[in-house]
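What follows is one structure encoded as structure tokens, with my remarks underneath.
Predicted, not measured: the structure shown is a model, and the values here were computed from it. All heavy atoms count here, side chains included; hydrogens, waters and symmetry mates do not.
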Amino acid sequence: MDGHSYYVPAAAMAVALALKMPALLRNWGDPLIRCVCALMTLATLVFFFAAPPTITEVNRLTGITNLSAALVYVLLSAFSGSCLVLITNWRGGPPEVTRRLSRRWIAGYAGVCVAIVVLFVLGNAPLERVRDFDTYYANTPFLREMIVLYLVGLTVAGVAMHVMCWRWALQVSGWLRAGLLIIALGYLVNVSFAAAKLVAVAARWLGADLDGLSTYLAPALASLGAQVSAVGFCLPLAGQRIGDSWTTWSTYRRLGPLWRELRPVWAQAGHEVRISWWAPAQLQMTQRESDIHDGMLSLYPYFDSEVRARAYEAAVAAGSEPVQARAEADAAMLTAAVRARQDDPEGRVISSAVAATPTLPAENPRDLVRMSIALRQSPVVAAAREWAAATRPESDFHERTR
């Protein structure tokens with residue numbers, strides 16, 4: 001793996017971290033956001049300092065042969081600890097329990113980082129090894145212990161992350177469950193990375209040569225595990241946003257019949273606002289609800305409680321549940337009011353409206369959707385529309401809704 005294999009993900013993580021910084025500054029007291037930013041920072045540093053060109057340059061600039069090895073091991077251990085702290089805070093629970101577990105993980109991996117530094121100082125690594133440090137110094141006192149320590153730390157973190165994510169996934173559903181299962185798979189691959197390294201190191205202890213496991217297989221496994229885990233972390237958030245957008249667009253579409261029914265009213269009142277087709281879904285949804293609200297306000301003097309009452313009775317008689325019957329009754333009253341407004345271009349009813357005007361139909365988004373669907377599907381509303389258009393007597397309306 002060349003430098004680009006490390007620098008590209010490092011740059012991607014750095015961009016993601018920069019985008020996340022405003023949220024961190026606004027919500028510094030949120031431990032979950034702090035954990036996310038800490039993990040992204042450490043991931044960026046790990047990819048950057050683990051690149052072979054960076055390893056060589058750090059060794060050259062510091063004048064300490066193989067210093068990069070200890071630096072990368074410290075960053076990997078800190079990253080492992082940050083993953084455990086993140087999943088602990090993400091899972092939630094009693095705050096005191098979450099804080100206690102987080103502090104234990106932090107203290108444990110901070111101790112691993114300190115031990116790595118101490119063992120590197122005590123050891124002797126005179127020959128620079130950019131790609132095969134682990135196996136080359138597998139039998140060197142203190143460096144041997146340092147190598148085993150960081151690999152055991154990675155293994156413990158990988159197993160713990162796999163178990164915690166798997167158990168949590170069994171308790172949840174949807175996008176979160178899918179994301180947790182992918183994270184569990186990613187950390188299982190990370191355990192394979194540490195295992196490949198440990199096998200290669202143990203082979204050196206026994207006089208065998210399995211360096212290829214550490215030099216070639218392990219880096220590929222580390223890259224794969226990091227990518228899989230990243231997908232798992234991103235999937236719940238992306239899935240939730242996709243789900244929210246789908247819900248918004250679905251509601252926007254289902255409000256179409258109601259919006260079109262009221263369009264002659266709010267357009268005539270001069271409330272029409274044009275929004276570009278590429279505007280965010282939530283903005284278009286808000287504008288559609290606003291148009292419907294304006295149309296209902298304009299129809300206020302034309303609402304007839306008798307029409308609503310007759311439509312409600314007809315809907316109940318036809319087998320509709322009370323909630324659905326109310327939506328059909330509101331829709332029937334509204335469609336009759338639209339036609340009454342069209343028959344009164346001079347607004348005489350508005351000028352002579354009295355305080356006893358009926359109550360507006362409910363404007364809860366769910367009720368509006370029910371009304372909109374009723375405008376398109378309900379035979380009660382269709383009968384009310386025909387009755388209003390023909391100005392038939394009350395008995396005729398009853399006949400048409402049976």
Side-chain angles (χ1 to χ4, degrees), residues 13 16-17 19-20 23-24 26-43 46 76-110 112 152-195 221-251 282 365-366:
M13 293 301 299
L17 177 62
L19 295 175
K20 199 69 177 177
L24 176 64
R26 289 193 304 267
N27 304 280
W28 179 255
D30 189 335
L32 182 58
I33 294 181
R34 292 204 306 269
C35 291
V36 170
C37 291
L39 184 142
M40 295 170 69
T41 300
L42 288 168
V46 166
L76 280 171
S77 300
F79 176 76
S80 298
S82 70
C83 290
L84 292 166
V85 174
L86 172 60
I87 204 69
T88 299
N89 283 272
W90 189 12
R91 183 177 55 185
E96 62 278 4
V97 176
T98 301
R99 285 194 295 268
R100 183 168 64 251
L101 290 175
S102 298
R103 288 168 182 166
R104 287 178 180 176
W105 287 124
I106 292 172
Y109 278 86
V112 171
V152 170
L154 293 183
T155 303
V156 170
V159 172
M161 285 289 292
H162 176 79
V163 171
M164 286 194 296
C165 290
W166 184 266
R167 288 180 177 175
W168 188 13
L170 298 178
Q171 302 171 6
V172 296
S173 60
W175 291 107
L176 178 57
R177 183 175 188 177
L180 289 170
L181 291 175
I182 293 174
I183 294 173
L185 175 62
Y187 277 89
L188 193 61
V189 176
N190 287 343
V191 171
S192 301
F193 155 79
L221 290 173
S223 176
L224 177 61
Q227 295 177 49
V228 172
S229 300
V231 171
F233 278 115
C234 295
L235 184 62
L237 179 59
Q240 181 180 354
R241 290 184 176 178
I242 292 172
D244 291 344
S245 296
W246 176 259
T247 300
T248 300
W249 280 117
S250 178
T251 303
Q282 188 58 51
R366 291 185 179 180

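- Summarising the geometry, atom CG belonging to Leu188 is positioned 12.5 Å from atom CE belonging to Met161; distances are rounded to the nearest 0.5 Å.
- Shown here are the side-chain contact (heavy atoms from CB on, under 4.5 Å) partners of Arg99, two or more places apart in sequence or in another chain: Pro95, Glu96, Arg103.
- Annotation: side chain to side chain donor-acceptor pair (under 3.5 Å) contacts of Gln227 (sequence neighbours excluded): Ser223.
- Under the 3.5 Å distance criterion, the side-chain polar atoms of Ser250 are left unmatched by any main-chain donor or acceptor of Thr247.
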Sequence neighbours excluded and cut-off under 3.5 Å, please list the side-chain donor-acceptor pairs for residues 31-42, or say none.
| residue | atom | partner | partner atom | Å |
| --- | --- | --- | --- | --- |
| Arg34 | NH1 | Trp28 | O | 2.7 |
| Thr41 | OG1 | Cys37 | O | 2.8 |

- Message: Test side chain to side chain contact (heavy atoms under 4.5 Å, CB included) on Arg100 and Val97; report intermediate values, then the result.
- Response: CA-CA 5 Å; Arg100 183 168 64 251; Val97 176; 3.8 Å; yes
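- For residues 184-193, there are no side-chain hydrogen bond (donor to acceptor under 3.5 Å, both in side chains) pairs, not counting sequence neighbours.
- Exactly one of Thr155, Leu224, Leu154 qualifies for a side chain to side chain contact (heavy atoms under 4.5 Å, CB included) with Phe193. That residue is Leu154.
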Using distance only, find each side-chain donor-acceptor pair of residues 83-93 under 3.5 Å and give its atom names and separation, not counting sequence neighbours.
| residue | atom | partner | partner atom | Å |
| --- | --- | --- | --- | --- |
| Thr88 | OG1 | Leu84 | O | 2.7 |
| Asn89 | ND2 | Val85 | O | 2.8 |
| Asn89 | ND2 | Ser102 | OG | 3.1 |

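- Atom CH2 of Trp249 is separated from atom CG of Asp244 by 14.0 Å, given to the nearest 0.5 angstrom.
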For residues 166-176, which side-chain donor-acceptor pairs fall under 3.5 Å, sequence neighbours excluded?
| residue | atom | partner | partner atom | Å |
| --- | --- | --- | --- | --- |
| Trp175 | NE1 | Gly239 | O | 3.3 |

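- Considering all non-hydrogen atoms of both residues, Ser77 and Val112 come closest at OG-CG1, 3.7 Å.
- Between His162 and Ala184, the shortest heavy-atom contact is ND1-O, 2.9 Å.
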